[in-house]
Q: 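Below are the structure tokens for one structure; questions will follow.
Predicted model, so just to flag it, every value in this text is computed and none were measured.
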Amino acid sequence: GPVGPPLAGSDPKIVTRMVREGRGGMPIYTEENLSDADVNRLTAYLGGLEVVRPESEQIAALQRLTHDPAVPTDVLLRGKVAIRRSCGACHSQPGREDILKAFDSDAKAAGLVAEMVQETNLSLEDAKAIAYYMLAIRNGVDPVKQP
């Protein structure tokens with residue numbers, strides 16, 4: 001949803017950790033608030049929901065993305081929000097320095113996003129926005145400071 005990542009098909013260990021540790025701004029639910037049996041039922045339900053995975057051609061196109069100065073600022077900002085919502089559930093929001101340090105090429109940044117789409121329930125639309133945002137940052141563009 002608009003606050004956290006989609007949970008359909010999520011790994012039960014990740015959902016349990018999110019519930020018990022309150023990741024990404026979510027409140028903490030102890031066993032006193034939510035029993036282990038209830039958490040197990042929740043993870044079973046989420047694990048059984050259908051997840052739509054992109055086709056191999058879509059993954060390949062995502063891997064080929066490079067920085068494009070013509071990408072509108074609103075798409076780049078959507079990517080920043082999507083990182084917070086999707087990745088922030090388990091990781092801290094990467095800043096400019098984190099992105100520059102982690103990826104020494106556009107191909108590595110786009111490759112990670114393509115990997116995320118295959119291994120998580122990140123939507124293709126969010127993945128493209130995230131990729132364009134990271135590629136812009138890698139190439140010296142700060143969408144927040146653009147006119």
Q: What's the separation between atom CD in Q118 and atom CD in Q58, rounded to the nearest 0.5 Å?
A: 11.5 Å

Q: Supply the atom-to-atom distance Y132 OH to L65 CG, rounded to the nearest 0.5 angstrom.
A: 4.5 Å

Q: When clusters are formed by joining ILVMFWY residues with side-chain heavy atoms under 4.5 Å apart, either directly or through shared neighbours, do V75 and Y133 land in the same one?
A: yes

Q: For A8 and E50, work out which heavy atoms get closest and say how close.
A: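 Distance-wise, the nearest heavy atoms are CB-O, 3.9 Å.
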
Q: Is there a donor-acceptor pair closer than 3.5 Å between any side-chain N or O of R20 and the backbone N or O of Y29?
A: yes

Q: Considering non-hydrogen atoms only, spot the tightest contact between P54 and V117 and give its length.
A: CG-CG1, 3.0 Å

Q: Nearest 0.5 Å, what's the OG1-CG distance between T43 and D11?
A: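 That separation rounds to 9.5 Å.
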
Q: Do D106 and N139 come close enough that some side-chain heavy atom pair is under 4.5 Å?
A: yes

Q: Please check if L135 and I59 belong to a single hydrophobic cluster, counting links between Ile, Leu, Val, Met, Phe, Trp and Tyr side chain heavy atoms closer than 4.5 Å.
A: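 As far as the 4.5 Å side-chain criterion goes, I59 and L135 are connected within one cluster.
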
Q: Do P94 and I83 touch side chain to side chain, with heavy atoms closer than 4.5 Å?
A: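 Yes. Closest side-chain heavy atoms under 4.5 Å.
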
Q: Do the side chains of L122 and I130 get nearer than 4.5 Å, heavy atoms only?
A: yes

Q: Indicate yes or no: does K80 engage D142 in a salt bridge with an N to O separation below 4.0 Å.
A: no

Q: So, do L46 and L42 sit near enough that their side-chain heavy atoms are less than 4.5 Å apart?
A: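 Side chain of L46 against side chain of L42, heavy atoms only: contact under 4.5 Å found.
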
Q: Are T30 and N33 linked by a side-chain donor-acceptor pair shorter than 3.5 Å?
A: yes

Q: State whether D38 and R41 are salt-bridged, where the test is any N-O pair (Lys NZ or Arg NE/NH1/NH2 against Asp/Glu carboxylate O) under 4.0 Å.
A: yes

Q: Do I28 and M18 belong together in a cluster built from hydrophobic side chains that touch within less than 4.5 Å?
A: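 Looking at the clustering, M18 is in a separate group from I28.
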
Q: State the CG-CG distance between L112 and L62, to the nearest 0.5 angstrom.
A: 10.0 Å

Q: Are side-chain heavy atoms of M134 and I137 found at a separation under 4.5 Å?
A: no

Q: Say you draw a straight line from CZ of R138 to CG of D104; how long is it, rounded to the nearest 0.5 Å?
A: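 Rounded to the nearest 0.5 Å, the CZ-CG separation comes to 7.0 Å.
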
